[in-house]
Amino acid sequence: MKIVSVDDLPLDGKVIQVLRNRGIVSLNPVQSEAIEKGLLEGKRMLLTSPTGSGKTLIAELGMISHLLKGGKRAVYVTPLRALTAEKYSTFGDWETLGIKVGVTSGDYDAEDAFLSKYDLVVTTYEKLDSLWRHGPEWLLETDYFVLDELHYMNDGKRGPIVESVAVRAKRRKILALSATVSNGEAIAKWLNAELVNTNWRPVPLREGILINDRKITLSFSDGTTLTLKGSDGILSYTEKVVEEGGQVLIFRSSRKMAETTAKKVASLNLKLRRGEVDSLASRLEEVEDAGSEEKNTLLELIKKGVAFHHAGLSKGLRDLIEEGFRKRIIKVITATPTLAAGVNLPARSVIIGDIHRFNRRILGFQEEISVMEYKQMSGRAGRPGYDSEGEAVIVVRNRREAERIARKYIFSPPEPLESKLGNESAFYSFLLGLFAEKGSSEERVRNLVYEAFLDRNVTESYLEQGFSWLKENEFLTNDYKLTVFGRRVADIYINPFSAKIIKDVLTSSQSEDCDIPYLHMLAMTPDGPIANVSKQEEDDLVYVSPCPTFMEEPDDEDELYEYLSALKIALIVHDWVEETEEDTILSKYNIGSGDLRSIVETMDWLTYSGYQVAKALKLESHAEILHKLNRRVYDGVKEELLDLIRVPGIGRKRGRLLYQNGLTKPEDLLMNQEKVKSILGEKLGEKVVKEAARVVGGVL
DNA sequence: ACGTTTCTTGTCTTGCCTCGGAGGC
DNA sequence: CAAGACAAGAAACGT
């Protein structure tokens with residue numbers, strides 16, 4: 001029996017009402033197949049299908065029917081905070097059924113115990129992995145897990161986390177969602193679930209190759225070909241699509257290329273709706289978190305209906321660009337792969353400008369992107385409701401290449417999902433996490449480890465090796481209990497190799513007044529951020545550093561690069577906490593405001609971790625310095641401003657301004673309200689005074 | 001003869017994302 | 001197993 005109308009669903013009328021309110025009256029083929037195979041009866045399932053094929057709704061029906069039948073709690077896991085926020089907002093619809101929906105991830109602040117009052121919790125893989133180590137009651141009694149975007153398992157760095165979450169989740173009921181993979185059967189078997197695999201998509205997709213030779217030829221897999229005029233294939237094709245009323249998403253492999261392509265597109269004179277474009281442009285000028293340079297270049301582009309998009313941009317700018325595209329004010333976005341993985345932003349046509357991407361690990365070489373990655377990008381083609389068909393084209397330079405590329409990306413299945421736990425760093429972290437769980441024992445860990453997707457022989461060889469490494473480095477006692485140090489490392493969720501570096505360096509170094517050696521050491525850990533170091537900087541960095549590092553400058557070329565990259569991070573954060581003007585930092589180090597934000601975020605977490613590790617090791621003077629440093633990193637202020645910036649609305653800039661005018665504490669703001677208003681302006685001043693009152697009141 | 005534009009050559013650069021916790025959702 | 005940006009210098013071009 002195929003269920004097509006939502007009215008036929010064997011579910012409470014309220015459930016059907018929620019769907020109807022969303023405008024859903026019938027189920028698509030993927031959805032009805034999942035239901036047919038027992039989704040609503042709580043059947044374990046692995047669902048592989050293209051992006052945008054309505055997997056979220058399937059997960060919702062799975063979770064809701066589970067909860068309505070007396071299930072205790074459901075947890076929905078995604079690999080990205082942006083997705084977590086998006087799903088949380090979608091799932092809010094179910095509150096009308098009395099289902100309480102909560103969310104937790106790095107940027108939501110919730111204490112573990114607080115989540116116990118929710119029936120449905122949305123989170124990230126890392127957060128869930130971390131929660132499991134603390135073992136709160138609400139998590140232990142959770143009996144349904146949805147693992148979204150399971151194909152992230154193939155990511156070298158983060159895949160092991162996905163896998164280790166799956167190992168624990170699959171002991172309960174699960175529903176796993178993934179892009180199409182070539183070994184779905186094997187994964188389903190591993191998860192003890194039934195495979196539901198379809199290729200259905202809401203808007204049909206045509207895939208093609210754009211040959212950018214003397215002549216520009218566009219040939220699609222269905223056999224149609226056409227020739228375009230012009231000298232730049234990307235431009236000619238883009239112009240054609242926009243003239244026909246469509247939007248274009250162009251993927252380039254580097255930020256710089258995305259920016260220059262955007263500038264070229266801007267010279268096309270696309271037809272725009274002037275009024276909307278102008279109001280978007282004026283809103284762009286008001287974006288607060290952005291650097292002035294990126295804002296100015298984007299402003300010019302947006303007026304021409306085009307924008308570039310990459311992680312160097314501030315969050316505010318990215319959000320505005322995405323919104324402008326969704327409202328069809330912006331016709332063309334040129335982007336790095338950020339947009340392929342994150343929140344859904346479809347366009348009539350997707351151009352994959354490069355199939356090569358630089359990879360530092362394969363030094364000097366470029367690697368071809370994976371088929372799966374291509375599918376992620378091309379899957380963004382076709383806007384439901386606007387386009388009857390989506391188009392995805394790969395740009396190549398000659399006819400010979402065209403055939404090989406078409407065979408590889410268009411006519412071949414994507415790669416299989418593989419375990420990425422087979423390396424020391426991933427495997428030892430996995431072990432440490434398992435030992436940190438409630439009721440852990442040597443035997444339990446030994447059993448759990450074999451439930452990973454990793455090959456049995458490989459697991460065996462890493463297991464004993466991992467145990468002795470954890471013991472040697474004092475994470476684990478000889479009778480398989482975590483040491484104080486080991487416990488702390490598991491809790492703060494840093495890589496054990498990072499912890500080892502911090503431990504080794506701090507125990508062998510005297511405490512230093514300067515913050516550079518501390519920041520540098522933290523940036524050198526596997527958890528540290530990475531900065532690109534130019535040739536020029538290679539020569540200058542050591543020279544401009546105000547003081548030496550704990551770690552010695554290596555001779556080896558690759559190691560030297562890592563050392564200098566960490567030094568650059570240290571200098572950036574040093575300038576940041578010394579209250580250097582943001583625009584100055586951005587141009588001095590040639591980074592974007594988005595980069596600065598992410599460096600600060602990571603270093604905030606790492607300085608906290610460093611402080612905790614030092615404390616656990618009873619290295620008091622190091623701990624004190626790191627603690628003081630940590631308090632300054634997030635907001636980027638000198639110590640004397642810490643008191644003032646407790647007031648919401650006051651950051652490093654306003655804080656410094658008030659401080660210079662003799663207002664140094666929140667209390668001072670209350671005592672000199674008129675002065676505050678004259679410094680910050682009437683409206684803002686009033687708001688700040690109110691906030692100050694709350695802060696001061698809270699203290700009393 | 002001199003200034004400007006175009007071409008040639010060699011060097012340089014190069015994606016993204018998640019992790020803690022304080023108070024109080 | 002790369003490709004485009006950029007800078008510097010050479011060559012071509014124009015007045």
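So that the names make sense, note that chain A is the first sequence line, chain B the second, and so on, each numbered from 1.
Between A:Arg252 and B:dG15 there is no side-chain N or O to OP1 or OP2 distance below 4.0 Å. Taking only side-chain nitrogens and oxygens, A:Thr124 comes nearer than 4.0 Å to OP1 or OP2 of B:dC19. A close approach under 4.0 Å does occur between a side-chain nitrogen or oxygen of A:Ser534 and OP1 or OP2 of B:dT13. One finds no side-chain N or O of A:Ser609 lying less than 4.0 angstrom from the OP1 or OP2 phosphate oxygen of B:dG20. Dashed line: the shortest gap from a side-chain N or O of A:Lys100 to OP1 or OP2 of B:dC25 is not under 4.0 Å. Distances shorter than 4.0 Å separate some side-chain N or O of A:Arg81 from OP1 or OP2 on B:dT18. Between C:dA2 and A:Ser253, no contact under 4.0 Å exists linking OP1 or OP2 to a side-chain N or O.
If A:Tyr634 and A:Tyr561 are placed on DNA chain B by their nearest nucleotide, the residue sitting closer to the 5' end is A:Tyr561. For the pair A:Tyr608 and A:Met257, nearest-nucleotide mapping onto DNA chain B gives the more 5' position to A:Met257.
As a whole-Å value, the separation of A:Glu601 CD from B:dG21 P is 15 Å. Computed from coordinates, the A:Glu538 CD to B:dT13 P distance equals 8 Å when rounded to whole Å. Atom CG in A:Leu606 sits about 12 Å away from atom P in B:dG20, given to the nearest Å. Remark: P of B:dT14 and CD1 of A:Ile591 are 12 Å apart, rounded to the nearest angstrom. For the pair A:Leu313 CG and B:dG15 C1', the interatomic distance rounds to 13 Å; values are reported in whole Å. Taking atom NZ of A:Lys117 as the reference point, atom P of B:dG24 lies 14 Å away to the nearest angstrom. The nearest whole Å value for the distance from the CD1 atom in A:Ile234 to the P atom in C:dA3 is 13 Å. Atom P of nucleotide C:dC6 and atom CD of A:Gln536 are separated by 17 Å, given to the nearest angstrom.
Among the atoms of the strands shown, only primed sugar atoms or phosphate atoms (P, OP1, OP2) are found under 4.0 Å from some heavy atom of A:Ser254. Across all strands, A:Asn532 comes closer than 4.0 Å only to sugar-phosphate atoms, never to a base (heavy-atom distances). Contact annotation for A:Asp491: backbone-only contact, meaning every heavy-atom pair under 4.0 Å involves sugar-phosphate atoms and none involves a base. Nucleic acid contact for A:Ser598: none, since no nucleic acid atom lies under 4.0 Å from a heavy atom of the residue. Nucleic acid contact class of A:Arg318 (heavy atoms, under 4.0 Å, all strands): sugar-phosphate only.
A:Arg652 forms a cation-pi arrangement with A:Trp576, by the criterion of a distance under 6.0 Å to the ring centre and an angle within 45° of the ring axis. Cation-pi geometry between A:Arg597 and A:Tyr634 is met: under 6.0 angstrom from the ring centre, within 45 degrees of the axis.
Comparing B:dG15, B:dC19, B:dC17 by their nearest atom to the side chain of A:Thr602 picks out B:dC19. Taking only side-chain atoms of A:Tyr493, from C-beta outward, the nucleotide of B:dC16, B:dC19, C:dA5 with the closest atom is B:dC19. Closest approach to the A:Trp605 side chain among B:dC16, B:dT13, B:dC19 is made by B:dC19 (side chain taken as heavy atoms from C-beta onward). With B:dC25, B:dC17, B:dC16 as the candidates, the nucleotide lying closest to the side chain of A:Leu80 is B:dC17. The nucleotide whose nearest atom lies closest to any side-chain atom of A:Ser105 is, among B:dC16, B:dC19, C:dA5, B:dC19. Closest contact between the side chain of A:Phe114 and the listed nucleotides B:dC16, B:dG24, B:dC19 involves B:dG24. For A:Arg158, whose side chain is taken as the heavy atoms from C-beta onward, the closest listed nucleotide among B:dG20, B:dC16, B:dT18 is B:dT18. With B:dG20, B:dT13, B:dC16 as the candidates, the nucleotide lying closest to the side chain of A:Lys535 is B:dT13. You'll find that the side chain of A:Pro337 is closest to B:dG15, out of B:dT18, C:dA2, B:dG15. In the set B:dC19, C:dC6, B:dG15, the nucleotide with an atom closest to the side chain of A:Lys256 is C:dC6.
For the residue pair A:Thr84 and A:Thr78, a side-chain donor N or O sits within less than 3.5 Å of a side-chain acceptor on the partner. Between the side chains of A:Asp129 and A:Tyr493, at least one donor N or O lies within less than 3.5 Å of an accepting N or O.
Under the Watson-Crick and G-U wobble criteria, each requiring two contacts below 3.5 Å, nucleotide B:dA22 is left unpaired. Across all strands shown, B:dT11 forms a Watson-Crick or G-U wobble pair with C:dA5, both key distances being under 3.5 Å. Taking a pair to require two hydrogen-bonding distances under 3.5 Å in either a Watson-Crick or a G-U wobble arrangement, B:dG3 pairs with C:dC13. Summarising the base pairing, B:dC17 is matched to no nucleotide, lacking a Watson-Crick or G-U wobble pair whose two defining distances lie under 3.5 Å.
For the pair A:Asp515 and A:Lys628, the salt-bridge criterion is not met [side-chain N within less than 4.0 Å of a carboxylate O]. Ion pairing between a basic and an acidic side chain is recognised when a charged N comes within 4.0 Å of a carboxylate O; A:Asp643 and A:Arg646 show such pairing.
Here A:Tyr152 and A:Tyr125 keep their ring centres 6.0 angstrom or further from each other.
A stacked arrangement is assigned to A:Phe358 and the six-membered base ring of B:dT14, with a centre-to-centre distance below 5.5 Å and an interplanar angle below 30°.
The gap from the C1' atom of C:dA2 to that of B:dG15 amounts to 16 Å, rounded to the nearest Å. The separation of C:dC1 from B:dT14, taken at their C1' atoms, amounts to 15 Å, rounded to a whole angstrom.
Considering every non-hydrogen atom in both A:Met603 and A:Pro529, the closest pair reads SD-CD, 3.7 Å.
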